[in-house]
Asker: 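Handing you a structure now.
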Number of protein chains: 2
Amino acid sequence: MVQYSSTPLDASFAALSDATRRGVLAQLGRADASITDLAQTFHMTLTGMRKHVRVLEQAELVTTEKIGRARTCRLGPRHLDEALAWLEWYRQLWDARFDELDEIVLDLGAKE
Amino acid sequence: MVQYSSTPLDASFAALSDATRRGVLAQLGRADASITDLAQTFHMTLTGMRKHVRVLEQAELVTTEKIGRARTCRLGPRHLDEALAWLEWYRQLWDARFDELDEIVLDLGAKE
DNA sequence: CGCATACTGAACTACATGGTTCAGTATTCG
DNA sequence: CGAATACTGAACCATGTAGTTCAGTATGCG
């Protein structure tokens, strides 16, 4: 198949499609945390959590910095504006289709 | 691993993490389409497109109906409100952290 | 009826994902 | 120095994903 990483939008949505990663973002919203902190919260191994954090890093939702032996994770620079914009656009699309349906229904009513 | 399908939010974000599927939503926003129509637009086999459509169906973003030998796909009942709400919440979280940082910077400035 | 069209299902390929364990390395602290 | 802590990398497993081909079935049309 060859995934070749595609667009940043793909990466954002993919990163958000996992409940653990959304939880990590929530925790980092309250305070920065180490891999150990996060691993404890979500009851998984350091290695497992590191992988989630790396996915979030690659989607630019989280940045990390290794200080001494600990790696500190914090909320990253991406606002998810792109993802939000896409969803808003989609909602408008959907609403437009719905209005159209309304019109058809109204037209049918007018005929009687 | 055992994926057991988790939350609808997972399904929504996962469905949106593929450019082809976002394109299908866009096309269905303009008009309903058959599997053949969609497969042609995105240059893939019927079987391949059917799989994408099924993912969108399972995320309740698209509904389909088989009429005669053709399957008609249309934009589904889900507004993606949940996904939007999550992203909005996340943005507020991020903004809050940013404001906090601003305060720290301002405090540092006041000290001089 | 017979052919073309539209889809479906199974099997296969190649790679991604979400997790684990185990065996390291690097850092801190007594 | 030596032990504990914090992370890392490689290897592995089971399953999911994005596509294909090929061999059907079901429908519509001349």
Side-chain angles (χ1 to χ4, degrees), chain A residues 1-25 27-28 31-59 61-74, chain B residues 1-25 27-28 31-59 61-74:
Chain A
M1 177 201 57
V2 196
Q3 188 80 333
Y4 61 83
S5 96
S6 351
T7 70
L9 205 47
D10 286 34
S12 299
F13 281 129
L16 294 177
S17 73
D18 182 277
T20 301
R21 285 193 294 263
R22 289 194 303 272
V24 167
L25 289 178
Q27 175 163 353
L28 294 181
D32 295 349
S34 67
I35 302 284
T36 300
D37 295 338
L38 295 169
Q40 257 160 10
T41 304
F42 297 95
H43 311 102
M44 71 173 62
T45 58
L46 288 178
T47 313
M49 181 47 72
R50 182 67 180 102
K51 287 192 182 184
H52 281 303
V53 169
R54 203 183 303 275
V55 171
L56 290 166
E57 278 182 278
Q58 281 163 353
L61 297 172
V62 157
T63 60
T64 75
E65 190 188 358
K66 186 133 187 186
I67 303 170
R69 61 185 167 178
R71 178 173 296 277
T72 300
C73 310
R74 57 175 51 88
Chain B
M1 179 199 56
V2 197
Q3 187 80 334
Y4 61 83
S5 96
S6 347
T7 70
L9 205 47
D10 285 34
S12 299
F13 282 129
L16 294 177
S17 72
D18 183 277
T20 300
R21 284 192 295 263
R22 289 195 303 274
V24 167
L25 290 178
Q27 175 163 355
L28 294 182
D32 296 349
S34 67
I35 303 283
T36 300
D37 294 338
L38 295 168
Q40 256 160 9
T41 304
F42 297 94
H43 310 103
M44 72 174 59
T45 58
L46 288 178
T47 314
M49 181 48 72
R50 182 65 180 101
K51 287 193 183 181
H52 281 301
V53 169
R54 203 183 305 275
V55 170
L56 290 166
E57 278 182 278
Q58 280 163 354
L61 297 172
V62 158
T63 60
T64 74
E65 189 188 359
K66 186 129 187 190
I67 303 170
R69 60 186 166 176
R71 178 173 296 276
T72 300
C73 310
R74 58 175 50 88

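What you see below is based on every heavy atom in this structure, not just the backbone, and it leaves out hydrogens, waters and symmetry mates. Everything numeric here is computed off the predicted structure, so don't read it as measured data. Throughout, protein chains are lettered first and strands after them, A, B, ... in sequence-line order, and every chain is numbered starting at 1.
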Asker: Mark yes or no for a side-chain to base donor-acceptor pair under 3.5 Å between T47(A) and dG19(C), with no hydrogen or angle criteria applied.
Answerer: no

Asker: Are T45(B) and dT20(D) close enough that a side-chain N or O sits under 4.0 Å from OP1 or OP2?
Answerer: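 Indeed, a polar side-chain atom of T45(B) lies that close.
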
Asker: Flag the pair T72(B) / R74(B) as yes when at least one side-chain heavy-atom distance between them is below 4.5 Å, and no otherwise.
Answerer: yes

Asker: Does R50(B) place a side-chain N or O at less than 4.0 Å from the phosphate oxygens OP1/OP2 of dA6(C)?
Answerer: no

Asker: M49(B) CE to dG9(C) P: how many Å, rounded?
Answerer: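 Going from M49(B) (CE) to dG9(C) (P), I get 17 Å.
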
Asker: Has H52(A) got a side-chain N or O lying under 4.0 Å from the OP1 or OP2 atom of dG19(C)?
Answerer: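 Yes.
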
Asker: Could you tell me the separation between the CD1 atom of I67(A) and the P atom of dA26(C), rounded to a whole number of Å?
Answerer: 19 Å

Asker: Within the modelled atom types, does a donor on one side and an acceptor on the other bring the side chain of T20(A) and the base of dG18(C) under 3.5 Å apart?
Answerer: no

Asker: D18(A) CG to dT15(D) P: how many Å, rounded?
Answerer: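 Atom CG in D18(A) sits about 18 Å away from atom P in dT15(D).
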
Asker: Under 4.0 Å between any heavy atoms, over every strand shown, what does L46(B) touch: base, sugar-phosphate, or nothing? Just pick one.
Answerer: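 The residue L46(B) makes base contact.
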
Asker: How close or far is atom P of dT17(D) from atom CE of M44(B), stated in whole angstroms?
Answerer: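 Nearest whole value for this atom pair: 15 Å.
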
Asker: Rounded to whole Å, please give me the gap between CZ in R71(A) and C1' in dT5(D).
Answerer: 16 Å

Asker: What is the minimum heavy-atom distance between L61(B) and A15(B), and which atoms define it?
Answerer: CD1-CB, 4.0 Å

Asker: F42(A) has an atom CZ; how far is it from atom C1' of dT20(C), in whole Å?
Answerer: 19 Å

Asker: Between P on dG18(C) and CG on L16(A), what's the gap in Å once rounded to a whole number?
Answerer: 12 Å

Asker: Considering heavy-atom distances to DNA chain C, does G68(A) or H43(A) have its closest nucleotide positioned more toward the 5' end?
Answerer: H43(A)

Asker: Taking the nucleotide of DNA chain C with the closest heavy atom to each, which residue, K51(B) or D37(B), is nearer the 5' end?
Answerer: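 Closer to the 5' end of DNA chain C: D37(B).
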
Asker: Could you tell me if the side chain of M44(A) sits less than 4.5 Å from the side chain of T20(A), heavy atoms only?
Answerer: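 They are in side-chain contact.
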
Asker: Are the side chains of L9(A) and R22(B) in contact, using a 4.5 Å heavy-atom criterion?
Answerer: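 The answer is yes, as the side chains (C-beta and beyond) meet within the 4.5 Å cut-off.
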
Asker: When you compare the side chain of I35(A) with that of T64(A), does any pair of heavy atoms fall below 4.5 Å?
Answerer: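 Heavy-atom side-chain distance check fails, nothing below 4.5 Å.
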
Asker: Could you tell me the separation between the CG atom of D10(B) and the P atom of dT17(C), rounded to a whole number of Å?
Answerer: 15 Å

Asker: Can you tell me if R69(A) touches the phosphate of dT8(D), counting only side-chain N or O atoms and a distance under 4.0 Å to OP1 or OP2?
Answerer: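 So the side-chain polar atoms of R69(A) never come under 4.0 Å of the phosphate oxygens OP1 or OP2 of dT8(D).
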
Asker: On DNA chain D, check which nucleotide each of A70(A) and R54(A) is closest to and give me the residue with the more 5' one.
Answerer: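 Taking each residue's closest nucleotide, the earlier one in sequence belongs to A70(A).
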
